[in-house]
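One structure below.
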Amino acid sequence: MEKVISFLLAITSALSYAGAAKQPNILFLFTDDHALKALSAYGGPLAKIAPTPHLDRLAKEGMLFEHCLVSNSICAPSRAVVLTGKYSHLNGQLTNKGSFDGSQQTAPKLLRAAGYQTAIVGKWHLKSTPTGFDHFEVLKGQGQYYNPMLITNGRNVNHTGYTTDIITDQALNWLKKRDIEKPFFLMCQHKAPHGRWEPALRHLNTFEETAIPEPPTLFDYYDGRSAASANHKMGIADDMGPHRLMFRYSSKFTPEQFKVFDGHFRPRNEALEKLNLRGRDRTRWNYQRYIKNYLRCVKAVDENVGRMLKFLDDSGLAKDTVVIYSSDQGFWLGEHGWFDKRWMYEESLHTPLLVRWPGVTKAGSTNDALVSNLDFSQTFLDIAGARIPGDMQGRSLTPLLRGKVPANWRKTHYYHYYEAGGHGVPIHYGVTNGRFKLIRFPDEKLNTWEFFDLKTDPMEMTSCYDDPKYKQPIADLKKELDRLRRKYLIRESN
Ligand code: CA
């Protein structure tokens, strides 16, 4: 009986491919730590100063998602969620430690089975050897900004140049030599703009004469919230260290590169030492040094997205290719005095999501539904017309991309961070409905809750957990939190 059923399933699936429209190519452009505020299509005070025209083109020609929320705001876990469509406790990648279990079901494996040619070029960050790809060419660990080594189908290959450019070069090389009889699924994944932010030589002087506006919460005393945020170790004032501030460098440069790179930073660093800045003045200097280098790294990403889009145009592939741009999570650009991510607060919870699907998605459209990186796997499979396994935990975004948000679309989002102590951030989980947010810090020393009204307090400066005015919404969200934890199969020990 089982054999008959699987035979019938195989025939149905073959017929559905034959009967469906041509399977589109999928180009997944993914970056590391790209905050919404550093992508000009999302607006904000940096949009005019540091525009990202090529990324904005994707928004103009496709859909911009205003509320794409990650399920665990940190690098390796987010990547595992994107590959599996499952929360961290089920895909096994709870933190940046440990190695991804590549034997499990992933979207690339299923796309390959559905007739796609699959490749990943750039940052992998999951330690184990990539599985499910016809071609992989990945950085070891974090990689470096200059002269990267790329593990190329198991072989170590050294490259000379700027990593963001090289990842694009290699992705384009693969596209040019791919099997044109099959649709492709290419994950082109940049290291940038992850720290430590070493800009391309051509961008060292970009923003040099500009004072970047400070976020209103650059100086935050954390007094309106639980003890959790005050214990952070991600302060622009005290925690950046010499590598993040370019007093020391992380890349191994060639002598020629070093001459230009060090020639830029060394005299500026020496000038700073003479100024002997202290307190808020020094924090302000750190912020300018950090944000300029961060935005310079984003600029190289934007230029390289432009190169990919131009290739699609020139090769005639653009009309048959769905282009998706996202990042593994958001990032702090000085809000609350922070760099880094991890918290369930807005700036690290949100990640950019732009999708261009020619002939399907309305150009210049925006969508305000609560979507998540948990939805990406199912979206890839749905675009491909492939079967979506029942154990994936997100939902395909294709109805939204076609212009309709289903009536039963999620109204709340569950979040869970597990890497205890990383940059001083404790384990926490919570739920948001876009208007209110409830966060639980279960650690026995903290054992506390926070609750925010995002309408009256969008910068999340004051927890209203003890305010009687919010008794009902807090009770409602607690109930919802329990429901979601059961739905997503969270064990009590999680
Ligand atoms: Ca990241």
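Owing to the predicted nature of the structure, the values given are computational and were not obtained by experimental measurement. Just so you know, ligand 1 is whichever comes first in the structure, and atom 1 is the first atom listed for that ligand.
- Aromatic rings of Tyr415 and His413 (six-membered ring for Trp) have centroids beyond the 6.0 Å cut-off, not under it.
- Identified under the ring-ring contact (aromatic ring centres under 6.0 Å, His included) test for residues 32-74, with sequence neighbours left out: His34-Tyr325, His67-His350.
- Near-neighbour remark for the Ca ion (ligand 1): protein N, O or S atoms under 3.0 Å are Asp32 OD1, Asp33 OD1, Cys75 SG, Asp328 OD1, Asp328 OD2, Gln329 OE1; waters not counted.
- With ring centers used as reference points, His416 lies 6.0 Å or more from Tyr488.
- A distance-only check finds no donor-acceptor pair linking the side chain of Glu198 to the backbone of Tyr249 [under 3.5 Å].
- Salt-bridge check for Lys310 with Glu303: failed, with every basic side-chain N at 4.0 Å or more from each acidic carboxylate O.
- Side-chain rings of Phe185 and Phe28 stay apart, their centers remaining 6.0 Å or farther from each other.
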